[in-house]
Amino acid sequence: MTENKILALKYRPQEFKDLIGQEVMAQTITNAIKLGKTPNAYLLTGIRGVGKTTTARLIAKALNCEKSIDEKIKCSGENFCPTCKEIISSNHMDILEMDAASKTGIDDIRELIENSKYSPTSAKYKIFIIDEVHMLSKQAFNGLLKTLEEPPPSLKFILATTEVRKIPVTILSRCQRFDLKRVSIDKLCSHLKNISDKEAGKISEDAIKLIARTSEGSVRDAISLLDRALISQSISENKLIEETNVREMLGLADRSKIISLFKEVLSGKEKEALKYLRELINDGIDAKNFLNDILEVLYLFSRSINLGSIEKDMTTSEAEVQMVHEYSKNIDMQDIGLFWQLTIKTIDDLRIVGNENLTLEMYIMQLVHLKNIENKTEVYENNVQEGKSSRENNLVSENKIEENLEQNLSTQIKNQLKNTDQIKKNPIKDMSPKAKVEIKNFQDLIDLANKEKEVELKFDLERNVKLVSFNKGKIDISFNEKLNQSFIKNLTEKLLLWTGERWIISLSKNSNAKSIYEQNMEKKSFEFKKFEESDLAKQIKETFPDAELIAIQEDSND
């Protein structure tokens with residue numbers, strides 16, 4: 001095993017003390033085995049590459065090691081006993097490893113249960129290791145329940161999974177669960193440094209830190225990335241692997257370049273920002289990795305704004321901390337929120353747009369224009385959910401709103417990204433009506449909306465609006481939850497266009513008011529009920545016993 005060229009297998013832990021980042025779990029399992037208080041089934045959970053299958057084999061070795069039976073037998077990392085050697089090489093007859101991803105059915109579990117009836121051939125315990133156990137079918141889980149709860153004395157189950165939530169509760173309650181944690185960057189760096197020294201690899205500390213950070217707490221991923229880096233170094237033995245080499249290998253952008261790019265964005269220098277982007281593209285960055293790096297930088301900016309100076313850690317260099325602290329003076333949390341939402345939206349766009357470079361360039365240009373937008377317009381809020389009644393003040397300032405909106409049309413982009421309930425007026429260039437119309441009552445307003453083919457407005461007036469009072473120039477209404485959020489804006493615009501006068505639309509909390517549609521339905525119901533009780537209806541019923549009165553329709557003919 002130690003001669004294997006793949007470092008992830010070559011440096012696979014063979015003893016509990018070799019496990020990094022899982023010291024508490026290893027100590028608990030070791031103590032339980034020494035005391036003879038082992039459970040019927042273990043459940044090991046965690047992300048990929050933290051040691052689930054490795055821990056399962058270590059448990060199997062600890063339970064069946066010949067040293068536990070005969071103290072005279074020596075078994076250590078330098079010289080394992082025959083049983084441990086067979087388990088390491090996956091040749092032991094009593095240690096069965098099953099991949100649940102390829103054997104998911106009830107028939108596979110039946111075969112496993114049949115094998116469980118037989119005693120171990122040479123080891124103390126027969127052990128079934130089921131990897132990716134969450135892939136088993138519902139029937140397979142149910143078939144496993146009884147054996148899992150009351151196995152033969154010499155049988156142990158070890159289940160491993162990355163998706164513990166997909167495992168039925170009935171299975172979880174029969175297992176002793178151990179959660180393997182992500183390994184910290186400090187421990188990963190130390191581990192990778194030891195491996196590179198043993199392999200006589202020349203790699204800088206910054207490169208090791210980058211590999212550790214990229215692996216996201218997975219030991220196997222970290223060692224595999226180190227293996228790739230050392231292979232590239234082996235071509236030219238005297239060359240030291242630097243952070244830039246690892247970034248090129250992984251398609252990662254230089255964070256300092258990303259921060260410099262942000263400096264140009266915050267300064268409104270579009271050409272310079274795109275120049276940095278093209279340099280990163282030429283370096284071979286991956287678009288999704290680049291956008292995720294942008295999110296990390298935005299997080300650093302938010303920390304600098306809200307918490308002050310950023311403490312230097314393993315993930316951020318001192319130069320990067322200084323750059324973030326300096327440039328964060330030109331940005332606020334509102335801008336960061338907009339940038340964050342646009343970045344996430346762009347990550348989704350990568351699945352749709354075929355040209356990734358085009359997507360990134362459009363993204364940078366949008367960032368520049370978002371930062372340069374001067375929000376000089378007076379925004380009046382119409383929160384339909386809260387039912388605000390202060391409309392007079394908003395209508396007084398409407399002239400200013402229209403003038404500012406014509407000057408700053410680009411602010412509409414920013415308002416769309418905010419994704420709030422704020423209502424923004426579109427610029428109305430010609431508000432003078434062609435023919436002045438007089439609206440005397442609410443029904444006249446509905447008829448006029450119908451005449452002007454304002455279908456959506458007419459629908460809201462009839463069904464979602466409840467009239468409280470109607471006076472010339474002012475309408476007091478109540479509403480239901482289905483009312484369009486742009487209703488007030490549309491209605492005030494149309495009233496100004498149709499009548500040449502400004503109307504005040506005030507919102508009331510009068511729950512007794514009813515919509516025109518509800519009033520009509522009540523009227524029809526009353527007339528229908530009244531007709532059912534009339535003599536004519538009784539005569540029709542006597543003449544036609546099978547007839548059923550459905551509706552009353554007025555005759556439009558004279």
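If you read the sequence from its start, that first residue is 1, and numbering goes on from there.
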Exercise for review: Report yes or no: does Thr359 contribute a side-chain atom to a donor-acceptor pair with the main-chain N or O of Asn355 at less than 3.5 Å?
Suggested key: yes
### Query
Would you call Lys146 and Glu150 a salt bridge, taking side-chain N to carboxylate O under 4.0 Å as the test?
yes
Side chain Arg174, main chain Thr170, donor-acceptor under 3.5 Å | yes
Is the Lys NZ or Arg CZ of Lys269 less than 6.0 Å from the centre of Tyr276's six-membered ring, within 45° of the axis?
no
Could you tell me whether Arg110 and Asp108 make a salt bridge, using a distance below 4.0 angstrom between a side-chain N and a carboxylate O?
-> no
Note to self: The test is salt bridge (Lys or Arg N to Asp or Glu O under 4.0 Å); show your working for Arg278 and Glu361 and say whether it passes.
What the structure shows: CA-CA 9 Å; Arg278 292 190 183 101; Glu361 287 196 14; 3.5 Å; yes
Gly217 and Val50 have their tightest heavy-atom pair at O-CG1, 3.6 Å
Item to check | Electrostatic pair Lys10-Glu199, nearest N-O below 4.0 angstrom | outcome: yes
Between Glu243 and Lys209, does any side-chain N to carboxylate O distance fall below 4.0 Å? no
- prompt: For Glu111, does the CD atom have more than 12 heavy-atom neighbours from other residues, nucleotides or ligands under 6.0 Å away?
  reply: no
inquiry  = Between Asp348 and Lys345 (salt bridge meaning N to carboxylate O under 4.0 Å), is one present in this structure?
reply    = no
inquiry  = With a 4.0 Å cut-off on N to O distance, would you call Lys103 and Glu132 a salt bridge?
reply    = no
_Could you go through Phe339 and Phe301, starting from their C-alpha distance and side-chain angles, then the distance that decides it, and tell me whether this counts as ring-ring contact (aromatic ring centres under 6.0 Å, His included)?_
CA-CA 11 Å; Phe339 288 178; Phe301 273 105; 9.1 Å; no
